[in-house]
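Keep in mind that what you see is a predicted model, and the values were worked out from it rather than measured.
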Amino acid sequence: MKINIPQNAKTVINELNNSGFEAYVVGGCVRNAMMGVEPHDWDICTSAKPSEMERVFKVYETHDFGLKHGTLTVMSGGEAFEVTTYRIDGAYSDNRHPEQVTFTDDLTLDLSRRDFTCNAMAYNDKDGVIDPFGGEDDLRNNLLRCVGDPDKRFNEDALRILRGLRFASVCGFDIEKSTAQSIYKNAALLNNIANERIRSELSGLLRGEAVCKILTEFRDVIAVFIPELAQTFDFPQHTKHHVYDVWQHIVHSIAAVEQNDVLRMTMLLHDSGKPQACTTDENGCSHFKGHQQISAELAEGILKRLRFPNDFSETCMKLILWHDVRYSGSKKQIKRLLQKLGEENTRFLFKVQRADTAAQSEYLRTEKFASIGLAERQAEEILAENQCFDLKSLKVNGSDIKALGVKEGRAIGELLNKLLDDVIEERVENNKPELLKRAKEYISL
């Protein structure tokens with residue numbers, strides 16, 4: 001198979017070859033190129049030792065911050081290429097990093113330490129694909145398989161467990177039987193991995209096209225680092241609004257929303273509190289009153305633990321709190337929604353609600369979608385017409401109120417909010433004379 005290597009990468013490979021060393025593009029870039037996906041980075045491996053690489057590229061701009069691990073960053077045509085010496089990893093005492101690395105001139109030994117067969121291929125134009133572990137066949141069969149013994153691979157680096165699930169979700173791979181069994185067997189090793197790394201892999205997994213399948217088959221692995229979700233597994237929803245248990249509803253709702261990190265994380269956590277909120281009436285029907293608040297509280301702890309940014313977490317929590325709001329058809333309600341959530345998050349909320357509805361039963365589904373659609377159109381009309389729904393669009397401000405003799409900051413804020421309420425409830429028009437008149441009435445009370 002021919003891979004089109006960028007000219008700047010070829011230049012680096014040619015410099016090494018012309019100096020008597022082997023050199024190949026390797027790993028993820030080879031995998032992506034074979035799948036028809038444009039690689040973001042072109043990593044290069046070589047038989048040249050670090051000191052030999054420095055000599056080969058002495059006239060190039062280079063960066064040596066990874067040199068002790070065998071990596072030299074070489075600038076070619078304004079692009080950065082990581083060039084790494086073939087190596088053998090030593091023992092892994094922390095389930096993440098080797099204690100030492102040993103350099104080798106054997107490409108197969110270097111490829112043998114890698115995680116999955118699809119990532120253990122190398123290529124150059126002269127030799128073609130170097131594939132000692134059957135990665136090309138596995139790619140052709142949409143199969144994710146560990147290189148060698150899966151238990152060894154996952155004990156070396158436990159993050160590979162979640163990386164494997166991400167690859168399978170994003171690429172639509174099936175996970176080979178012994179690899180899948182080892183993922184389950186070694187899932188508890190994820191407790192040894194930094195939360196920031198888990199966060200990154202989880203976000204990628206959730207963006208995948210095959211997310212529904214992976215979260216269904218490997219839910220217990222997810223529960224290792226989000227144990228709060230385990231209570232949703234197989235938890236029934238005895239209501240005509242649902243056809244799935246809580247976890248399967250969550251999983252299908254994730255797949256139904258666009259591949260946006262905030263939206264997919266919101267769907268993952270939006271019903272996490274349902275089991276705690278569940279009550280059953282005399283007819284055996286389930287009710288989940290207050291599950292939004294419980295789910296938001298659970299989400300707060302989960303997102304903090306996984307080190308998500310504060311603004312990301314706050315957005316998810318707001319969407320979870322409001323995801324079950326029912327619309328009356330009143331524009332006043334939509335203005336209140338815009339006031340509390342803001343423009344972007346209100347648009348996000350409609351997407352959350354559509355995905356939530358798509359993962360429910362067909363009972364009243366058409367009516368639910370119609371209600372969301374009306375609310376969405378009303379919101380767009382309010383925004384297009386610059387109708388007032390927040391203090392920024394109110395035609396008076398703090399200085400105007402201060403000029404009426406109100407000096408204390410809290411009192412000014414309270415009065416402005418009263419005026420905003422009056423505008424939203426259409427008790428007064430949003431123009432300065434009318435608002436100042438109403439403000440004077442409040443002051444005189």
Mutual orientation of the aromatic rings belonging to Phe65 and His63 [parallel < 30°, tilted 30-60°, perpendicular > 60°]: parallel
SB check Arg140 Asp138 (cutoff 4.0 Å): no
Side-chain (Asn260) to main-chain (Leu263) donor-acceptor, under 3.5 angstrom: yes
More than 12 heavy atoms of other groups within 6.0 Å of Glu362 CD: no
Rounded distance (nearest 0.5 Å) linking atom OG1 of Thr117 with atom CG of Leu111: 11.5 Å
Point-to-point distance, once rounded to the nearest 0.5 Å, from CD1 of Ile401 to CG of Leu436: 6.5 Å
Stepwise side-chain contact (heavy atoms from CB on, under 4.5 Å) check, Val25 with Asn124: CA-CA 6 Å; Val25 291; Asn124 66 23; over 6 Å; no
Lys177 atom NZ, neighbour heavy-atom count above 12 within 6.0 Å: no
Donor-acceptor under 3.5 Å (Asn430 side chain, Lys395 main chain): yes
Test salt bridge (Lys or Arg N to Asp or Glu O under 4.0 Å) applied to Arg153 and Glu156, step by step: CA-CA 5 Å; Arg153 294 286 85 83; Glu156 287 171 342; 2.9 Å; yes
4.5 Å side-chain heavy-atom contact, Gln292 and Trp322: no
Side chain Ser200, main chain Arg197, donor-acceptor under 3.5 Å: no
Main-chain N/O of Ile254 paired with Arg264 side-chain donor or acceptor, under 3.5 Å: yes
Test log, rule salt bridge (Lys or Arg N to Asp or Glu O under 4.0 Å), inputs Asp400 and Lys402: CA-CA 5 Å; Asp400 297 318; Lys402 201 170 186 179; over 6 Å; no
Verdict with reasoning, Met265 to Phe308, per side-chain contact (heavy atoms from CB on, under 4.5 Å): CA-CA 11 Å; Met265 185 59 66; Phe308 279 89; 3.4 Å; yes
Please output the side-chain donor-acceptor pairs of residues 267-281 that fall under 3.5 Å, not counting sequence neighbours, one pair per line with the distance.
residue, atom, partner, partner atom, Å
His270, ND1, Met267, O, 2.7
His270, NE2, His249, NE2, 3.2
His270, NE2, Asp356, OD1, 3.3
Asp271, OD1, His291, NE2, 3.1
Asp271, OD1, His323, NE2, 3.3
Asp271, OD2, His249, NE2, 3.2
Asp271, OD2, Lys274, NZ, 3.4
Ser272, OG, Leu269, O, 2.9
Lys274, NZ, Gln237, OE1, 2.7
Lys274, NZ, His242, NE2, 3.3
Gln276, OE1, Gln231, NE2, 3.0
Asp281, OD1, Asn283, N, 2.9
Asp281, OD1, Gly284, N, 3.1
Asp281, OD1, Cys285, N, 2.9
Asp281, OD2, His287, NE2, 2.9

Separation of Cys146 SG from Ile183 CD1 (nearest 0.5 Å): 7.0 Å
Distance-only side-chain donor-acceptor flag, Ser313 / Glu300, under 3.5 Å: no
Pair Arg305 + Glu228, salt bridge at N-O below 4.0 Å: yes
salt_bridge(Arg347, Glu380) N-O dist < 4.0 Å: yes
side-chain hydrogen bond (donor to acceptor under 3.5 Å, both in side chains) between Ser330 and Gln333, intermediate numbers included: CA-CA 5 Å; Ser330 164; Gln333 183 190 24; over 6 Å; no
Residues Gln360, Lys368; criterion side-chain hydrogen bond (donor to acceptor under 3.5 Å, both in side chains); working and verdict: CA-CA 11 Å; Gln360 296 173 3; Lys368 292 173 185 176; 2.8 Å; yes
Working for side-chain contact (heavy atoms from CB on, under 4.5 Å), residues Asp157 and Asp115: CA-CA 9 Å; Asp157 182 356; Asp115 50 10; over 6 Å; no
Side-chain heavy-atom pair Cys118, Leu144 within 4.5 angstrom cut-off: yes
Check: Met75 and Thr62 side chains under 4.5 Å, non-hydrogen atoms: no
Heavy-atom donor-acceptor pair, Thr84 side chain to Thr71 backbone, under 3.5 Å: no
Lys392, NZ: over 12 other non-hydrogen atoms inside 6.0 angstrom: no
Side-chain donor/acceptor of Ser444 to backbone N/O of Glu441, under 3.5 Å: yes
Residue pair Val423, Arg438: steps toward the side-chain contact (heavy atoms from CB on, under 4.5 Å) verdict: CA-CA 11 Å; Val423 171; Arg438 179 56 64 94; over 6 Å; no
Rounded distance [0.5 Å steps], CG in Leu206 versus CD1 in Ile222: 7.5 Å
Criterion salt bridge (Lys or Arg N to Asp or Glu O under 4.0 Å) on Arg336 and Asp421, from CA distance to verdict: CA-CA 9 Å; Arg336 292 289 185 193; Asp421 284 342; 2.7 Å; yes
Criterion side-chain hydrogen bond (donor to acceptor under 3.5 Å, both in side chains) on Glu414 and Tyr442, from CA distance to verdict: CA-CA 11 Å; Glu414 289 175 351; Tyr442 280 126; over 6 Å; no
Evaluation steps, salt bridge (Lys or Arg N to Asp or Glu O under 4.0 Å), between Arg354 and Glu376: CA-CA 11 Å; Arg354 289 184 183 280; Glu376 199 167 20; 2.6 Å; yes
Interatomic distance, Trp42 atom CH2 to Asn8 atom CG [nearest 0.5 angstrom]: 12.0 Å
Residue pairs fulfilling side-chain hydrogen bond (donor to acceptor under 3.5 Å, both in side chains) with at least one residue in residues 201-212, sequence neighbours excluded: Arg166-Glu201, Arg207-Asp261, Glu209-Gln259
Asn431 side-chain N/O to Glu434 backbone N/O, donor-acceptor pair under 3.5 Å: yes
Side chain to side chain, Lys2 and Tyr123, heavy atoms closer than 4.5 Å: yes
Pairwise side-chain contact, Ile44 with Val26, heavy-atom cut-off 4.5 Å (strictly under): no
Counterpart residues, salt bridge (Lys or Arg N to Asp or Glu O under 4.0 Å), relative to Arg307 (two or more places apart): Glu196
Asp245 side chain vs Phe233 backbone, donor-acceptor pair below 3.5 Å: no
Polar side-chain atom of Gln378 near backbone of Gly329 as donor-acceptor pair, under 3.5 Å: yes
Flag if over 12 foreign heavy atoms under 6.0 Å of NZ, Lys68: no
Donor-acceptor under 3.5 Å (Ser182 side chain, Ser178 main chain): no
Rounded distance (nearest 0.5 Å) linking atom CG of Leu337 with atom OH of Tyr327: 5.0 Å
